[in-house]
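Structure first, commentary second.
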Number of protein chains: 2
Amino acid sequence: MSIAEVARLAGVSTATVSRALSGRGHVSAAARERVVAAARELGYVVSQAASSLASGRTRNVGIVLPFLSRWYFTAVLEGAQQRLMRSGYDVTLYNLAGDGGERRTVFEHFLQRQRVDAVIAVSLELTEPEVTSLHALGKPLVGVGGPIPGVRTLAIDDVAVATLATEHLIGLGHSRIGLIGGDVESDADFHLPTKRRQGWEAAMREAGLPIAESRVANADFTVQGGYRAAKQLLGAPLRDRATAIFAASDEMAFGAMLAARDLGLSVPLDVSIVGVDDHDMSDFFGLTTIAQFPGAQGALAVDILMAQLEPKGDDTPPSDTPLPFELRVRSSTSRPRD
Amino acid sequence: MSIAEVARLAGVSTATVSRALSGRGHVSAAARERVVAAARELGYVVSQAASSLASGRTRNVGIVLPFLSRWYFTAVLEGAQQRLMRSGYDVTLYNLAGDGGERRTVFEHFLQRQRVDAVIAVSLELTEPEVTSLHALGKPLVGVGGPIPGVRTLAIDDVAVATLATEHLIGLGHSRIGLIGGDVESDADFHLPTKRRQGWEAAMREAGLPIAESRVANADFTVQGGYRAAKQLLGAPLRDRATAIFAASDEMAFGAMLAARDLGLSVPLDVSIVGVDDHDMSDFFGLTTIAQFPGAQGALAVDILMAQLEPKGDDTPPSDTPLPFELRVRSSTSRPRD
DNA sequence: CTGAAAGCGCTAACAC
DNA sequence: GTGTTAGCGCTTTCAG
């Protein structure tokens, strides 16, 4: 069942069928109807390959991400995927997780195959050659959650987020505020550890509070990592121990809450804890956090691409407003005990 | 840079280039070398669209799954994706999460576009029309983790898994063993709630232990759900209260552990808990569980497809052995207190 | 083992 | 608004 059969059944030319089905070019309402009816009757669906070869458009976008095991990534992916599907686009997943060979292959081969109209890069700190090869594609490219040189990127203001979280704690009366940040390895990929630390420092400085290296412990954005880091922090002598902790992600904050409990400390009475993300489970844990909206970020990335891929006259281009984030106060934070 | 330019530079015909680069058909070593060199020099990469149109092969497989928010799904996806990438295949992700319109669209449109050579369906209980439409594709199809009528499916023996978990508890001396199973909604999609319940019942019956409806609470496979269900179970009067709980997934088991703690009960002294999966975080929580290996399951699904897509003479077809699972005893189970 | 050439199924000028 | 037609860039007979 090729386009020719549909054309025959509908009594029009293949060109008209193509136009009617793709929505490009003008077709009379009558013709369109006959074509659509014929197509349905025959169960006709365009061959992507033929269409792509002829038009240069694939109706497929690539999403590249470092791995799938963090909530943030899958949330972005899910948001982007749903939006793309609604526009009739497929998504090809390029997961960089693995030994590293994957990463080279993706950039050198997979993305070059002209199988995508655009790419979304999630939380990737790309190397120089990687950026080059992406640009060489000549395809629209947008980053989410991580800065890519020379590329439009959607990301919350990580410094401001961290500042807000810290100020929340300061506002409650805390002055010994610890930080569970990201370790160097994570920094290579996301860059946000540094920024979130800066935000914490800024808030502390602003409030005239000391920035003690002993109140900083870094981890890898996992629950386990957060647990270990928190134990470290909370093991300090009482006079010196943090009464509050800002964790750079909710997953690490969960770990910190568990660590506190295991030490017999009450959250929030003995130690207040704030995270970042508003993870699926944060409400369950009663975790105070700074919500960002990864699903919406993914969807927005798609909107931006779509505006370039399928320009519509009256479509206002997605505005360039900073991405929203929002303090959500729950039961993991309170005034310090004293 | 089309194949013609490579041919010119290498001093051969386009046919030879095609053969040399795709590995199909015979080419002299010398010619192959010149072609490869020329291709690299020009930075040539085949156009997928043209190749697909001409050959009917897309080097792309579709992975359909119900959503991304459960660990099991992303683990299968990650395993499958890595294996596919190694074979030079792309993966197109069809995520059914959403209001349900998604689901119809995926089966009626996306999968019909001839963009995939095969599909992997993860934990999907497909409807009759869905199965039909999948078969109509005429493409290899394998299921992972969920039964699809008339389709090769990779899944552990869920009954046996549940029996093993329950027997572990019985072996430790427990007799009042509760079950956190899956609710009806989950059953529609995964079907495994029923089986895991059957396994629990079988072990209980075998040991001559009573199967009390009051010891069963169902949930939705989330941590929150497990928490709620466990509170229900553990709220029973002491003489009647379960001394052990089998949860049908690790995520629910985590919830149960947290619930026990919140009730002031010690795990494992007051209540032992076993899960299923060996989730990323199970080791961290000290959760005794039945490990399955979703990454390996995804990879195996790919092997099966590959055997059909690219038959190699001496390649032994992936054997049809039952999938492995394995009891991992950690610190969430022990003899009952008495 | 290699080359010539006929498509694969669609889209996009270009005429009408 | 609609039809004609020339490709899109590759693979694959079929000869040689």
Side-chain angles (χ1 to χ4, degrees), chain A residues 1-36 38-39 42-60 88 90 109 112-117 137-138 309-310, chain B residues 1-36 38-39 42-60 88 90 109 112-117 137-138 309-310:
Chain A
M1 23 70 268
S2 71
I3 200 171
E5 302 182 35
V6 180
R8 203 174 309 131
L9 181 58
V12 298
S13 72
T14 60
T16 299
V17 174
S18 174
R19 286 191 277 251
L21 261 26
S22 70
R24 321 189 144 247
H26 297 262
V27 182
S28 68
R32 157 170 293 109
E33 227 165 81
R34 296 215 310 284
V35 168
V36 170
L42 295 173
Y44 170 80
V45 181
V46 295
S47 152
Q48 268 296 141
S51 172
S52 300
L53 181 56
S55 71
R57 266 173 275 106
T58 65
R59 293 187 83 74
N60 185 42
D90 278 326
H109 292 288
Q112 305 294 324
R113 293 203 264 174
Q114 315 200 49
R115 279 174 90 324
V116 298
D117 291 337
L137 287 179
L309 293 176
E310 317 204 325
Chain B
M1 22 73 268
S2 70
I3 201 173
E5 302 183 34
V6 180
R8 202 174 310 130
L9 182 56
V12 297
S13 72
T14 60
T16 299
V17 174
S18 174
R19 287 192 276 252
L21 259 27
S22 69
R24 323 189 143 247
H26 297 261
V27 181
S28 68
R32 158 169 293 109
E33 226 165 83
R34 295 213 312 283
V35 168
V36 169
L42 296 172
Y44 170 79
V45 180
V46 294
S47 152
Q48 268 296 143
S51 172
S52 299
L53 182 55
S55 70
R57 268 173 274 104
T58 65
R59 294 186 84 73
N60 184 40
D90 277 327
H109 292 288
Q112 306 294 325
R113 293 203 260 173
Q114 314 202 49
R115 280 174 91 322
V116 298
D117 290 337
L137 287 179
L309 293 175
E310 317 204 323

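What's counted below: heavy atoms across the whole structure, side chains too, no hydrogens, waters or symmetry copies. Each chain gets a letter, A, B and so on, in the order the sequences are listed, and its residues count up from 1.
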Legend entry - Reported CG-to-OG1 distance for the pair B:Leu309 and B:Thr58, which is rounded to 0.5 angstrom: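 It comes to 8.5 Å.
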Inset, instruction - With rounding to the nearest 0.5 Å, note down the distance linking OG in A:Ser52 to CG in A:Asp117. - result: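 One gets 7.5 Å once the value is rounded to the nearest 0.5 Å.
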Inset, instruction - Using a strict cut-off of less than 4.0 Å between a Lys/Arg side-chain nitrogen and an Asp/Glu carboxylate oxygen, indicate whether B:Arg115 and A:Asp90 qualify as a salt bridge. - result: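 Yes, this pair counts.
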Inset, instruction - Using a strict cut-off of less than 4.0 Å between a Lys/Arg side-chain nitrogen and an Asp/Glu carboxylate oxygen, indicate whether B:Arg57 and B:Glu310 qualify as a salt bridge. - result: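 B:Glu310 and B:Arg57: not salt-bridged.
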Legend entry - Under 4.0 Å protein heavy-atom contacts per nucleotide of nucleotides 7-16 of chain C, with B for base, S for backbone only and - for none: BBBBSBB---
Legend entry - Considering all heavy atoms, the nearest A:Ala10-A:Ala38 contact: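 So the minimum-distance heavy-atom pair works out to CB-CB, 4.0 Å.
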Legend entry - Distance-minimising heavy-atom pair for B:Val6 and B:Val17: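 Of all heavy-atom pairs spanning B:Val6 and B:Val17, the closest is CG1-CG1, 3.9 Å.
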Inset, instruction - Under 4.0 Å from any heavy atom of chain A: name the first and the last nucleotide of DNA chain D that qualifies, 5' to 3'. - result: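 Under 4.0 Å from chain A, the extent on DNA chain D is D:dG1 to D:dG9.
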Inset, instruction - Any pair with a residue in residues 22-36 of chain B that passes side chain to side chain donor-acceptor pair (under 3.5 Å), sequence neighbours left out, goes on the list, sorted by first then second residue, please. - result: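 Listed by first then second residue: nothing to list.
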